[in-house]
Amino acid sequence: MDHLLQTIAFEKAHAEVFKFDNGTEVKEYHVMIHVGDATLTYSEQLEAILNAYNSLLEGELKGACSVFKRYFLSDAANQADDIIVNDLTDCAKSIIQQAPLDGTKIALWVYLQTNVQTAVSKSGLYEVKHGDFRHLWNGSAHNMAANSEYQTRLLFNEYSMQLLEEGCTLKDNCIRTWIFVNDVDLNYGGVVRARNQFFFTQGLTVNTHFIASTGIGGRQADPNVLSQMDNYAIAGVEQEQIHYLYAPTHLNRTSDYGVSFERGTYIDYKDRRQVFISGTASINNKGEIMYPKDVRKQTHRMWENIETLLAEAECTYEDVGYMIVYLRDTADYQVVKQLYEERFHGKPYVIVHASVCRPGWLVEMECMAVRKVDNPQLKAY
C-alpha cells in the first residue's frame with residue numbers, strides 16, 4: 001500500500017500519522033499532534049507537543065525532516081513567543097490563534113519528507129529541494145499597515161518580490177496560500193479587494209486562473225495584525241504539471257461572488273500527484289449556502305463537495321493526508337467531532353475555532369491528498 005495511517009501515544013500527547021511511500025526516495029508524512037490532558041498549563045502542553053514531535057523524529061519518522069509546521073493556539077498573545085523560543089526547527093512555521101476545540105491550548109500539524117535538502121533561500125523563503133524542483137514555503141507573513149486591505153496588498157507585493165528573487169512569479173509558480181483574518185466578519189472585505197486588485201495586475205483573472213487558498217478567521221499575537229499569510233510555490237514547475245479543480249456539478253466559480261481563488265489545484269510529477277483542496281464549505285453550484293443553521297447537514301454537504309473535487313483529481317479520501325476543520329460556533333464541536341470520528345477515525349485532523357468568511361457557513365474544511373501515478377513524460381518529485 002502507498003498509504004499508511006498510524007496513531008502513536010506518548011506520555012502526555014498523541015499523534016495521528018499519515019505516510020505516503022511509493023517506493024521512491026521522497027516519502028511524505030502528515031502528522032497531527034494533540035495534547036492528552038487539557039488541564040496542563042500552557043508550558044506543559046507545549047512541552048508535551050515538542051516531546052512528541054522529537055520522539056517521532058527519533059523513532060517512526062527517523063530520516064524525515066519538517067517542511068512546514070502550523071501551530072494552532074488558544075491565546076496567541078500569551079503563547080506565540082514561547083514557540084519561537086522553544087521550536088528551533090529550520091522550516092517554515094505558521095503560528096495562529098485558532099483554538100483547538102478539544103479544550104486544549106495548542107495543537108500542531110507538521111508536513112515532513114525524506115531525502116530532501118532544506119535551507120533558507122536568499123529571498124527569505126524556506127527552500128525544500130529535491131531533483132529539479134525547489135519547493136518554497138513561507139509562514140506567518142504579516143505587516144502593520146493601516147487596515148486589512150493595505151496589509152493584504154503589501155503582503156502580496158512583498159511575496160511577489162520574494163518570488164522574483166527566486167526566478168518565479170505569483171502567476172506561474174504559486175500553488176497555495178492561506179490568509180488568516182483578524183475579525184473576519186469585519187476585515188475580510190478589505191482582504192478580498194486587495195487580492196482581487198493585485199491578482200489583476202499579475203494577470204490572474206477568471207480567464208486565466210487563480211490560486212488555491214483558505215481565507216479564514218485567525219488572530220496573530222499582535223492585535224494590530226489584521227491579515228497574516230502562509231504560502232507555497234514551486235520553482236521549476238512547468239505549466240503542464242498544474243491542473244485546476246472545479247467540480248461544476250457541486251460548486252460555482254469563486255469569481256461569481258466576487259472573490260478570486262481556485263477550489264483546488266493538483267500538481268503532477270512523474271511519480272506522484274499532489275492535490276491541494278482550498279477551504280470548502282456547504283455551498284452549491286449557484287453559490288448558495290446549503291442547509292443554513294444545520295451544522296450536521298452542512299458537514300455532509302461539505303464532505304460531498306470535497307469528495308467531488310478529489311474525484312476530479314482521481315483521488316478519494318483514502319489519499320488525504322491531513323484535514324483542518326474550522327468551526328464558527330464552538331457549541332457545534334461535539335456534533336462535528338462525532339461525525340469525523342465515525343468517518344475518519346485515525347486520519348490526521350484537527351477541529352479549531354475559526355469564523356468562516358460568510359456568516360451562514362458554520363463549518364469549513366481544507367485538506368491535501370497525494371497518490372502514486374506514472375507519468376513518464378514528467379520529472380520525478
Side-chain angles (χ1 to χ4, degrees), residues 147-153 155-156 170-171 174-218 226-231 243-265 276-295 297-310 312 324-329 354-367:
N147 55 48
S148 64
E149 183 172 353
Y150 292 164
Q151 287 188 16
T152 304
R153 187 178 301 161
L155 280 172
F156 275 109
L170 190 72
K171 181 179 180 181
C174 183
I175 304 301
R176 184 73 162 89
T177 66
W178 293 261
I179 302 174
F180 302 106
V181 188
N182 187 354
D183 195 343
V184 71
D185 293 337
L186 181 65
N187 292 313
Y188 187 65
V191 171
V192 167
R193 287 191 297 273
R195 180 171 58 182
N196 288 351
Q197 292 164 7
F198 192 84
F199 278 11
F200 184 78
T201 68
Q202 303 299 302
L204 291 163
T205 73
V206 68
N207 296 316
T208 58
H209 68 85
F210 296 122
I211 296 166
S213 185
T214 298
I216 197 80
L226 306 178
S227 179
Q228 175 173 305
M229 184 164 72
D230 305 338
N231 40 61
H243 307 266
Y244 301 100
L245 301 171
Y246 301 104
T249 58
H250 284 64
L251 298 161
N252 66 331
R253 296 293 299 273
T254 63
S255 55
D256 291 352
Y257 50 93
V259 292
S260 47
F261 67 92
E262 295 294 355
R263 298 294 187 184
T265 302
F276 301 85
I277 301 297
S278 300
T280 302
S282 177
I283 190 172
N284 65 17
N285 62 1
K286 296 177 182 177
E288 299 165 335
I289 295 172
M290 297 291 287
Y291 310 114
K293 303 182 181 181
D294 187 330
V295 74
K297 288 183 178 179
Q298 284 201 17
T299 300
H300 283 287
R301 174 63 190 218
M302 176 186 71
W303 286 346
E304 184 181 334
N305 288 346
I306 292 172
E307 195 166 29
T308 308
L309 288 166
L310 289 168
E312 202 170 296
I324 300 173
V325 186
Y326 304 99
L327 285 188
R328 182 179 186 88
D329 184 353
S355 293
V356 185
C357 61
R358 288 166 71 177
W361 279 328
L362 305 177
V363 58
E364 179 172 306
M365 186 180 106
E366 67 170 70
C367 62

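All values derive from a computational prediction rather than experimental measurement.
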Is any side-chain heavy atom of M229 closer than 4.5 Å to a side-chain heavy atom of W178?
no
Can you establish whether the number of heavy atoms outside Y244 located under 6.0 Å from its atom OH is more than 12?
yes
Do S278 and T214 have side-chain atoms, one donor and one acceptor, less than 3.5 Å apart?
no
V184 and S355: which non-hydrogen atoms are nearest, and at how many Å?
CG1-CB, 3.4 Å
Does N187 reach the main-chain N or O of N182 with its side chain, forming a donor-acceptor pair under 3.5 Å?
yes
Basic-acidic side-chain contact under 4.0 Å: E366, R176:
yes
Rounded to the nearest 0.5 Å, what's the gap from OG1 on T280 to CG on L309? Could you check?
5.5 Å
R358 to Y188 six-membered ring, cation-pi geometry met (6.0 Å, 45°)
no
With side chains defined as the heavy atoms from C-beta onward, is the minimum distance between V259 and R195 less than 4.5 Å?
yes
So S227 and L155, side-chain contact (heavy atoms from CB on, under 4.5 Å) or not? Walk me through it.
CA-CA 8 Å; S227 179; L155 280 172; 3.7 Å; yes
Shortest non-hydrogen contact from A212 to T265?
CB-OG1, 3.6 Å
Hey, are the side chains of R153 and Q197 touching, using non-hydrogen atoms and a 4.5 Å cut-off?
yes
Which heavy-atom pair separates C357 from G215 by the least distance, and what is that distance?
CB-O, 4.2 Å
side-chain contact (heavy atoms from CB on, under 4.5 Å) evaluation trace for I289 with Q298
CA-CA 9 Å; I289 295 172; Q298 284 201 17; 4.1 Å; yes
How far apart are the C-alpha atoms of E262 and H209, what are their side-chain angles, what is the distance that settles it, and do they pass the side chain to side chain donor-acceptor pair (under 3.5 Å) test?
CA-CA 7 Å; E262 295 294 355; H209 68 85; 5.1 Å; no
Which value, rounded to the nearest 0.5 Å, describes the distance between M302 atom CE and L362 atom CG?
10.5 Å
Flag side-chain contact, heavy atom, 4.5 Å: L170 against L204:
yes
Are S260 and N196 close enough, and set up right, to give a side chain to side chain donor-acceptor pair (under 3.5 Å), and what steps lead you there?
CA-CA 6 Å; S260 47; N196 288 351; 2.6 Å; yes
When rounded to the nearest 0.5 angstrom, what is the spacing between CG in N284 and CG in N252?
7.5 Å
Specify the closest pair of heavy atoms between D185 and P359, including all atoms of both residues, with the distance to one decimal.
OD1-CG, 4.2 Å
So SG of C174 and CD of Q202: to nearest 0.5 Å the spacing works out to 11.0 Å
Would you give the length of the straight line joining atom CG of L327 to atom CE of M365, rounded to the nearest 0.5 angstrom?
12.5 Å
Flag the pair V363 / V325 as yes when at least one side-chain heavy-atom distance between them is below 4.5 Å, and no otherwise.
yes
Y150 OH: over 12 foreign heavy atoms closer than 6.0 Å:
no
When rounded to the nearest 0.5 angstrom, what distance separates CD1 in I283 from CD in E364?
10.0 Å
Derivation and outcome, side-chain contact (heavy atoms from CB on, under 4.5 Å), residues N285 and L251:
CA-CA 4 Å; N285 62 1; L251 298 161; 5.6 Å; no
Ion pair R301/D294, N-O distance below 4.0 Å:
no
Parallel, tilted or perpendicular: rings of F156 and F199 (30°, 60°)
perpendicular
Within the distance-only criterion (no hydrogens, no angle test), does the side chain of T152 pair as donor or acceptor with the backbone N or O of E149 below 3.5 angstrom?
no
Flag side-chain contact, heavy atom, 4.5 Å: F261 against I211:
no
Can you tell if the side chain of I175 reaches within under 4.5 Å of the side chain of F276, non-hydrogen atoms only?
yes
Test log, rule side-chain contact (heavy atoms from CB on, under 4.5 Å), inputs R253 and Y246:
CA-CA 7 Å; R253 296 293 299 273; Y246 301 104; 3.7 Å; yes
Side chains of D183 and L226: does their closest heavy-atom pair fall under 4.5 Å?
no
